[in-house]
Trainee: 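My questions will all concern the structure given below.
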Amino acid sequence: MVFLKLLENIQSKTAEILDAKNCEPVKFSVESAKPGFGDITCNVPFLLSKQLKKSPQEISRELSTMYNFDDMPEIKNVESHPSGYLNFSIDYTKFNNLVISLSLEENYGALEFGNNEKIVVEHTSVNPNKALHVGHIRNIILGDVVSKILKKANYDVKILNYVDDSGLQVADIIVGFTELGFSQESPDNEKFDHYCGDTVYVKTTEKYESDKELEGKRHEILKQIEDNSSEVSKIAQTITRKVLNEQLKTVWNLGVFYDCLNFESQIIHSKLWETIFEKLKSDNQIKYEDEGDNAGCWVIPADGEDDKILVRSNGVATYIAKDIPYAAWKLGLVDDPFYYKIHSTQKNSQILYETTLDGDKKLNFSGSKVITVIDNRQIRLQKIVSGLMAKFKEEGAYTHLGYESVTLSADTVKSLGLSVDGESAQMSGRKGLYVNADTVLETLTKRVYDESKSRNENLSESELQNIANIVAVGTIRYEMIKPDLDKIITFDLKNSLRLEGDTCSYIQYSFARASRILEKTDVKPNFDSAFELLSSEYEKNLIKKIAMFDVHVNDSVNNLSPKVIAKYSYELAVTFSSFYEHVKVLASETTELLNARLCLVVSFQKTLKTSLGLLGIDAPERM
RNA sequence: GGGUUCGUAGCUCAGCAUGGAUAGAGCGAGUGCUUGCGGAGCAUUAGGCCGGGGGUUCGAAUCCCUUCGGACCCGCCA
């Protein structure tokens with residue numbers, strides 16, 4: 001810990017001073033100051049104004065004389081600002097050494113939050129009947145980054161992907177295969193998931209419009225899918241597995257990996273629902289309606305809102321009845337009915353497990369906390385689920401991490417050959433209104449490849465491919481993480497994939513520039529030296545930014561907010577770019593200064609790499 | 001009808017959790033910078049009654065109420 005520690009120390013020092021003055025405790029803040037107001041700032045004089053019946057300025061002046069920094073050599077002094085703030089200044093002659101040496105450590109920025117406690121992150125959870133589209137990418141990347149951040153905060157994270165292999169959406173493509181005679185092999189070299197989504201699903205649901213009888217068939221087919229022994233169920237198994245495998249390829253290309261796949265069909269067959277249903281009944285969490293609209297149904301009472309039907313009057317459970325046992329299973333509230341077997345070895349050579357009902361291997365993928373990443377359209381349902389879970393376990397054990405959806409810009413909709421009313425449109429699988437994830441990645445990779453090739457004539461084909469991949473994946477990830485969770489992303493094939501300004505490639509470019517500096521000198525940075533030579537504004541700004549990594553990690557963990565790390569990475573790159581422009585490292589006047597600056601460059605690179613690593617983004621040496 | 005949420009520069013967005021000092025970026029527009037480590041860059045100018053109104057407060061982009069505009073959710077579908 002670097003900056004965070006500094007803030008905490010000033011915080012407690014201030015609290016001690018207030019205590020000595022016999023002040024009533026107040027909740028004050030100690031945080032990094034805006035440029036021009038010292039390095040660290042405290043607002044406590046404002047908050048004491050009423051209590052002490054003095055002006056903030058007066059209190060500020062008084063307090064500023066009471067600090068003693070003998071045990072904090074990194075702080076130079078504190079000044080009372082005419083506005084009333086207490087502004088602390090860092091002594092960079094001491095601070096530089098501390099920051100640079102700590103930033104080289106392997107776990108720089110790591111925090112202790114989780115005590116290695118097990119936490120489950122579930123994300124992706126897409127029906128295996130189509131290819132992943134840009135909307136799914138937001139879910140996948142958010143889930144992936146959240147799990148990386150939690151790992152950084154010392155949680156033992158298990159990542160799950162729920163495979164909804166027995167819903168109506170799956171039934172729809174099976175209708176296409178069994179009733180409309182679509183080939184079970186995709187034509188030419190088309191990816192199987194694209195074929196199922198772009199052709200079979202769209203064409204089949206289209207046919208429903210004119211053929212109502214066919215539409216009726218889907219429920220029949222769904223019933224057969226859920227019956228393990230039926231022929232249709234075997235076909236469905238084969239098809240959904242094939243689609244899933246293609247979806248996984250897409251996901252792996254984005255650098256996302258899981259620990260275990262959970263199949264909905266197995267949850268249904270596991271009788272987990274029956275167990276939890278009895279538990280809900282005996283705990284009086286649900287009630288049976290004798291009269292009214294919901295007569296004959298089991299419902300979940302919801303205060304202020306309509307009761308949610310859990311079991312219909314015909315005895316069949318509703319959709320949410322699949323979510324509840326699964327949530328309970330994730331939290332380890334029920335005996336685990338599953339065995340586990342290896343599904344595959346992922347692209348990063350990590351083993352991926354899957355649930356099975358007939359095996360002998362027992363593993364544990366539950367956690368004392370669960371985070372479920374699902375978009376905000378499901379917020380009502382998720383509230384019911386987390387409300388129920390809070391009754392079995394402590395409040396907050398089950399967290400729904402929601403986010404707004406991704407829509408398509410009018411231009412992009414038109415480029416798909418479709419028409420649109422407003423400025424953007426919700427994606428729709430049925431209408432063929434979506435952009436596949438693979439398409440986005442390919443388009444972007446090609447663009448980066450061309451750009452990189454035009455800048456680097458001497459790079460080999462494989463180096464160019466590698467760079468194109470790293471930058472393309474980074475760009476998609478960055479664009480998905482950067483906006484606030486409750487902001488709709490309007491995806492535009494042109495605008496969303498820019499490479500200039502506040503983009504991933506800008507950040508990566510700063511890394512590549514740093515690499516070139518280190519590459520062009522024979523001097524090996526010697527870290528066993530004093531860094532007080534780094535005294536220009538540009539150097540101090542960079543040091544401070546590097547030091548503040550832990551503050552942002554802290555923030556992002558506390559608020560489950562991935563974008564905080566994206567913003568920090570960008571700011572770090574901006575600070576370096578300014579340094580790069582104004583401080584000519586290789587032209588340093590003395591060897592000592594050259595060495596100190598080279599060390600700073602290494603420190604920057606390490607920190608940026610770690611920060612980008614939390615976002616699942618790599619940084620190339622050249623691009 | 002009930003509920004959730006968004007509204008900040010021409011456009012896309014930070015800042016809001018925990019109210020304080022000069023509301024920040026990027027794109028787009030203007031200007032300048034490459035005989036110096038890569039111009040995917042740097043520097044600089046213009047551009048804002050933070051949707052409107054009210055309230056709380058010494059102080060509001062930030063908290064509360066209200067209103068307008070947009071998005072989403074509200075089935076014995078999944």
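To find a chain, count down the sequence lines: A is the first, B the second, and so on, and within it residues start at 1.
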Trainee: Please state whether the phosphate of B/G41, meaning OP1 or OP2, lies under 4.0 angstrom from any side-chain nitrogen or oxygen of A/Ser510.
Mentor: no

Trainee: Closest to the A/Asp555 side chain: B/C72, B/G15, B/A17?
Mentor: B/A17

Trainee: To the nearest Å, how far apart are A/Tyr568 OH and B/G15 P?
Mentor: 17 Å

Trainee: Determine which nucleotide pairs with B/C37, using a 3.5 Å limit on both distances of a Watson-Crick or G-U wobble pair.
Mentor: none

Trainee: Side chain of A/Lys322, heavy atoms from C-beta onward: which of B/G20, B/G41, B/A78 has the nearest atom to it?
Mentor: B/A78

Trainee: Looking only at the side chains, is there a donor atom on one of A/Ser166 and A/Ser265 sitting less than 3.5 Å from an acceptor on the other?
Mentor: no

Trainee: If you measure from the P atom in B/G59 to the same atom in B/C49, how many Å do you get, rounded?
Mentor: 24 Å

Trainee: If you go through the side-chain atoms of A/Asn87, does one of them form a donor-acceptor pair with the base of B/A21 closer than 3.5 Å?
Mentor: yes

Trainee: Examine A/Tyr162 together with A/Tyr326 and report whether their ring centres are nearer than 6.0 Å.
Mentor: yes

Trainee: State yes or no: are the ring centers of A/Tyr538 and A/Tyr580 separated by less than 6.0 Å?
Mentor: no

Trainee: Please figure out whether A/Val471 or A/Leu86 has its closest RNA chain B nucleotide nearer the 5' end.
Mentor: A/Leu86

Trainee: Give the nucleotide from the list B/A71, B/A14, B/G41 with an atom nearest to the side chain of A/Lys487.
Mentor: B/A14

Trainee: Reckon A/Arg312 has a side-chain N or O less than 4.0 Å from the OP1 or OP2 of B/C77?
Mentor: yes

Trainee: Taking B/G3 as the reference, what is the distance to B/G19 when you measure between their P atoms (whole Å, please)?
Mentor: 28 Å

Trainee: A/Glu451 has a side chain; which of B/A40, B/A17, B/A14 sits nearest to it?
Mentor: B/A40

Trainee: Counting heavy atoms from C-beta on, name the nucleotide in B/C37, B/G26, B/A40 closest to the side chain of A/Tyr509.
Mentor: B/A40

Trainee: Does B/C42 have OP1 or OP2 sitting under 4.0 Å from an N or O in the side chain of A/Tyr506?
Mentor: yes

Trainee: Once you round it to whole Å, what is the distance between C1' of B/A40 and OH of A/Tyr449?
Mentor: 18 Å

Trainee: Between the side chains of A/Ser515 and A/Gln605, is a donor N or O closer than 3.5 angstrom to an acceptor N or O?
Mentor: yes

Trainee: Within the 4.0 Å heavy-atom criterion, would you say A/Ile309 contacts the bases, only the backbone, or no part of the nucleic acid?
Mentor: base

Trainee: Between B/G2 and B/C16, how many Å separate the two C1' atoms, rounded to a whole number?
Mentor: 27 Å

Trainee: Base, sugar-phosphate, or nothing: which does A/Leu168 touch, judged by heavy atoms less than 4.0 Å apart?
Mentor: sugar-phosphate

Trainee: Is the distance between the ring centroids of A/Phe576 and A/Phe579 less than 6.0 Å?
Mentor: yes

Trainee: Nearest to the side chain of A/Glu581 - B/U5, B/G26, B/G41?
Mentor: B/G41

Trainee: Between B/C42, B/G20, B/A17, which nucleotide has the shortest distance from any of its atoms to the side chain of A/Phe46?
Mentor: B/G20

Trainee: Which whole-number value in Å describes the distance from A/Lys482 NZ to B/C27 P?
Mentor: 10 Å

Trainee: Tell me if the side-chain of A/Thr41 makes a donor-acceptor pair with the base of B/A21, cut-off 3.5 Å, by modelled atom types.
Mentor: yes

Trainee: Whole-Å distance between B/U4 P and A/Asp375 CG?
Mentor: 18 Å

Trainee: Could one point to a donor on the side chain of A/Arg513 or the base of B/G38 with an acceptor on the other under 3.5 Å away?
Mentor: no

Trainee: Between B/C58 and A/Lys50, is there an OP1 or OP2 to side-chain N/O distance shorter than 4.0 Å?
Mentor: yes

Trainee: Quick check on B/A40: is either OP1 or OP2 less than 4.0 Å from any side-chain nitrogen or oxygen of A/Lys453?
Mentor: no

Trainee: Mark yes or no for a side-chain to base donor-acceptor pair under 3.5 Å between A/Asp502 and B/A25, with no hydrogen or angle criteria applied.
Mentor: no

Trainee: Report the distance from atom CD of A/Gln508 to atom P of B/G39, rounded to the nearest whole Å.
Mentor: 17 Å

Trainee: Would you say A/Thr240 and A/Asp165 are linked by a side-chain donor-acceptor pair, where the criterion is simply a distance under 3.5 Å?
Mentor: no

Trainee: Write down the distance separating the P atoms in B/C64 and B/U56, rounded off to the nearest Å.
Mentor: 16 Å

Trainee: Between B/A71 and B/G54, how far apart are the two P atoms, rounded to whole Å?
Mentor: 28 Å

Trainee: Hey, does A/Leu381 reach any base, or is it just sugar-phosphate, or nothing, if we go heavy atoms under 4.0 Å?
Mentor: base

Trainee: Take atom CD of A/Glu571 and atom C1' of B/G15, then tell me their distance rounded to the nearest Å.
Mentor: 11 Å

Trainee: Taking the side chain of A/Arg498 as its heavy atoms from C-beta onward, which of B/A40, B/G26, B/C72 lies nearest to it?
Mentor: B/G26

Trainee: Take atom NZ of A/Lys494 and atom P of B/U12, then tell me their distance rounded to the nearest Å.
Mentor: 17 Å

Trainee: Taking atom P in both B/U12 and B/U8, compute the distance separating them and give it to the nearest angstrom.
Mentor: 8 Å

Trainee: Base, sugar-phosphate alone, or nothing: which one does A/Val583 contact when heavy atoms must sit under 4.0 Å apart?
Mentor: base

Trainee: Below 3.5 Å, does any donor atom in the side chain of A/Arg377 face an acceptor in the base of B/C72, or the other way round?
Mentor: no

Trainee: For a quick check of understanding: with a heavy-atom distance under 4.0 Å over all strands, which category does A/Asn43 fall into, base, sugar-phosphate or nothing?
Mentor: nothing

Trainee: Is any side-chain heavy atom of A/Ile10 closer than 4.5 Å to one of A/Leu86?
Mentor: no

Trainee: May I ask you to test the A/Arg218-A/Thr204 pair for a side-chain heavy-atom distance under 4.5 Å?
Mentor: no

Trainee: Hey, which of these two, A/Tyr580 or A/Glu31, hits RNA chain B nearer its 5' end, going by closest nucleotide?
Mentor: A/Glu31

Trainee: Pick the C1' atom in B/C72 and in B/U62, then give their distance to the nearest Å.
Mentor: 24 Å

Trainee: Nearest to the A/Tyr85 side chain among B/A71, B/G20, B/C6, which nucleotide is it?
Mentor: B/G20

Trainee: Quantified in whole Å, what is the P atom distance between nucleotide B/A60 and nucleotide B/A21?
Mentor: 11 Å

Trainee: Look at the side chain of A/Ser313 and decide which nucleotide, out of B/U18, B/G41, B/C76, has an atom nearest to it.
Mentor: B/C76

Trainee: Please confirm whether the shortest side-chain N or O distance from A/Lys520 to OP1 or OP2 of B/G38 is below 4.0 Å.
Mentor: yes

Trainee: Any luck finding a side-chain donor-acceptor pair between A/Ser496 and A/Glu479 under 3.5 Å?
Mentor: no

Trainee: Have a look at A/Ala573 and say if it touches a base, only the backbone sugar-phosphate, or nothing, with a 4.0 Å heavy-atom cut-off.
Mentor: nothing

Trainee: Once you round it to whole Å, what is the distance between P of B/U5 and CZ of A/Arg380?
Mentor: 12 Å

Trainee: So what does A/Asp293 hit on the nucleic acid, given a heavy-atom distance under 4.0 Å: a base, only sugar-phosphate, or nothing?
Mentor: base

